[in-house]
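Below is one structure; the comments refer to it alone.
Side chains are part of it too, since the values below use all heavy atoms of this structure and drop only hydrogens, waters and symmetry mates.
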Amino acid sequence: MTTIVVDPETKVIRIKSDSGEMTVTEPGLEEDDFQEILISQPEREARFLQTLSRELENENEILFTMLDNAAAGLVYLDASFRFVRVNTAFEKISRYSSEELSGRSYFELFPDKSGRALLENARDKGEPAEFRSRPYTLRDQPWRGEVCWDWTVTPAKTRSGRARGLVLSVRDVTESKRTDQFKDEFIGLVAHELRTPLTVIMGAVNTALVEQEHLSGEEMHQLLQDAASEAEGLSNLLGNFLELSRAQANHLELSLEPVCLQTMVQNAIDKVKWQSSSHRFVTQLPEKPVGVAADELRVERILCNLLENAIKYSPDGGEIRIAAEIKQEHVVVSVRDQGIGIAFEDQAKLFEPFGRLQDPCTGSIHGFGLGLLVCRRLVEAHGGQIWVESEPGKGATFSFTLQS
């Protein structure tokens, strides 16, 4: 309702409405103009509201743009812990779209009792909370394995101080946690794996130096052979470390040249066959020379790593078969052993850091667990793929592709 109060003596007009009061002072104003003022007041109010609405829309657009481009995942939950809004970063972290999350309960995705207690406490007491490196297995995404997230929870309060909802800030720390674990395992395994060959080398050399007058020529030769074998193995181990560090730092550069596949296979066999005189190496290669565009030393390292694995896991006297087959524009190279075989659920782990198998007979674990990871990095650098086919008790076949 709008009313007009006029003071004829002072020519002051007071216009009162639900939205407020306006005073007009105009000595020359006639009463015929009063009606026009009355008519124009709603128009001015409408224009003001339109301007205010546009400003609010602009502010909201800026706010939403900032939220959607924030590096951290941001989530707004209502008081019943249902998803109301998430930003783009959280969509990437969770791998759910905002449409898939909208209206769903937080605890449907994260059925965690201690986490529920934290959120309920933040809502009921209005106190912020945080939890670090919290592990989760997403119910709808079991293939991701365990993920670790940092959470910060802040209540969104009404004027009365009651929490109307919760704002969650999320950071995915899965990779950094895995990296820390990798470093810890790496230090421990380096100490173990380097100590063994060094102990053999030092023992053989010291024995040869101290007992040389009492040793036969055959005994001296055996000591030097043991030292040379362990030194060669140590060199291969350090070579794998170097290749892996290059790949991790994106400094892995290949020298691609036309090379003969048969030559690389034979060179690799010559380098590793001294490790075991009881294993038989059988080749199944095309009769005509096969040319591939590859870094010769890197492909030989791939083959050496696969052959060394085959030696470790194959029984004495077992056959190790190296085959190659031309398929369209690439060559498939495979190394087959007669070892313990690999369960399907363990196969993907082999190409991860420290992915090693336990001997079911002795319970021992062979090797350092980096050879296959290096193979994967080098094969992928050549634009190829590497995989394994195996069944428990039936050996394993590792295959990779090269461009022909």
Between [X] (side chain) and [Y] (backbone), is there a donor-acceptor pair under 3.5 Å?
{"X": "H382", "Y": "D295", "value": "yes"}
{"X": "S102", "Y": "S98", "value": "no"}
{"X": "K157", "Y": "G126", "value": "yes"}
{"X": "T174", "Y": "V147", "value": "no"}
{"X": "S235", "Y": "A231", "value": "no"}
{"X": "N121", "Y": "A117", "value": "no"}
{"X": "D150", "Y": "R171", "value": "no"}
{"X": "E230", "Y": "A227", "value": "no"}
{"X": "R82", "Y": "R104", "value": "no"}
{"X": "D337", "Y": "A396", "value": "yes"}

Roughly how far, to the nearest 0.5 Å, is the [atom2] atom of [Y] from the [atom1] atom of [X]?
{"X": "C375", "Y": "F400", "atom1": "SG", "atom2": "CZ", "value": "8.0 Å"}
{"X": "E120", "Y": "K125", "atom1": "CD", "atom2": "NZ", "value": "11.5 Å"}
{"X": "M220", "Y": "Q212", "atom1": "CE", "atom2": "CD", "value": "5.5 Å"}
{"X": "S399", "Y": "E325", "atom1": "OG", "atom2": "CD", "value": "9.5 Å"}
{"X": "S255", "Y": "E253", "atom1": "OG", "atom2": "CD", "value": "10.0 Å"}
{"X": "R321", "Y": "F281", "atom1": "CZ", "atom2": "CZ", "value": "13.0 Å"}

What heavy-atom pair brings [X] and [Y] nearest, and what distance separates the two atoms?
{"X": "A324", "Y": "V331", "answer": "CB-CG1, 4.3 Å"}
{"X": "A293", "Y": "L256", "answer": "O-CD2, 4.2 Å"}
{"X": "Q403", "Y": "E329", "answer": "OE1-O, 3.5 Å"}
{"X": "V379", "Y": "I386", "answer": "CG1-N, 4.0 Å"}
{"X": "G395", "Y": "S390", "answer": "O-OG, 2.6 Å"}
{"X": "G73", "Y": "I93", "answer": "N-CD1, 3.9 Å"}

Side chains of [X] and [Y], heavy atoms from C-beta outward: is any pair under 4.5 Å?
{"X": "L101", "Y": "L109", "value": "yes"}
{"X": "I311", "Y": "I320", "value": "yes"}
{"X": "Y313", "Y": "Q338", "value": "no"}
{"X": "R298", "Y": "I302", "value": "no"}
{"X": "L306", "Y": "L372", "value": "yes"}
{"X": "V86", "Y": "Y96", "value": "no"}
{"X": "M264", "Y": "E296", "value": "yes"}
{"X": "V259", "Y": "V292", "value": "yes"}

- Show your reasoning for whether side chain to side chain contact (heavy atoms under 4.5 Å, CB included) applies to V290 and Q262. CA-CA 7 Å; V290 177; Q262 286 90 336; 3.8 Å; yes
- Query: Taking the six-membered ring of Y76 as reference, does the NZ or CZ atom of R85 fall below 6.0 Å from its centre and within a 45° cone about the axis?
  - Reply: no
- Message: Below 30° counts as parallel, above 60° as perpendicular, anything between as tilted: where do the rings of Y106 and W151 land?
- Response: perpendicular
Extract all donor-acceptor atom pairs below 3.5 Å that involve side chains of residues 160-169 and protein atoms in other chains or at least two apart in sequence.
unit_1: S160; atom_1: OG; unit_2: T158; atom_2: OG1; d: 2.9

- Verdict with supporting geometry, N87 and E91, side-chain hydrogen bond (donor to acceptor under 3.5 Å, both in side chains): CA-CA 7 Å; N87 71 344; E91 288 182 319; over 6 Å; no
- Item | N-O pairing of R301 and E243 below 4.0 Å | yes
- Passes side chain to side chain contact (heavy atoms under 4.5 Å, CB included), I322 versus Q284? Steps please. CA-CA 6 Å; I322 306 96; Q284 188 176 347; over 6 Å; no
- Message: More than 12 heavy atoms of other residues, nucleotides or ligands under 6.0 Å from CD of Q385: yes or no?
- Response: no
- Query: Can L118 and F131 be said to form a side chain to side chain contact (heavy atoms under 4.5 Å, CB included), step by step?
  - Reply: CA-CA 9 Å; L118 285 171; F131 34 107; 3.3 Å; yes
- Would you check, one step at a time, whether the test side chain to side chain contact (heavy atoms under 4.5 Å, CB included) holds for E308 with N305? CA-CA 5 Å; E308 287 174 356; N305 284 344; 4.0 Å; yes
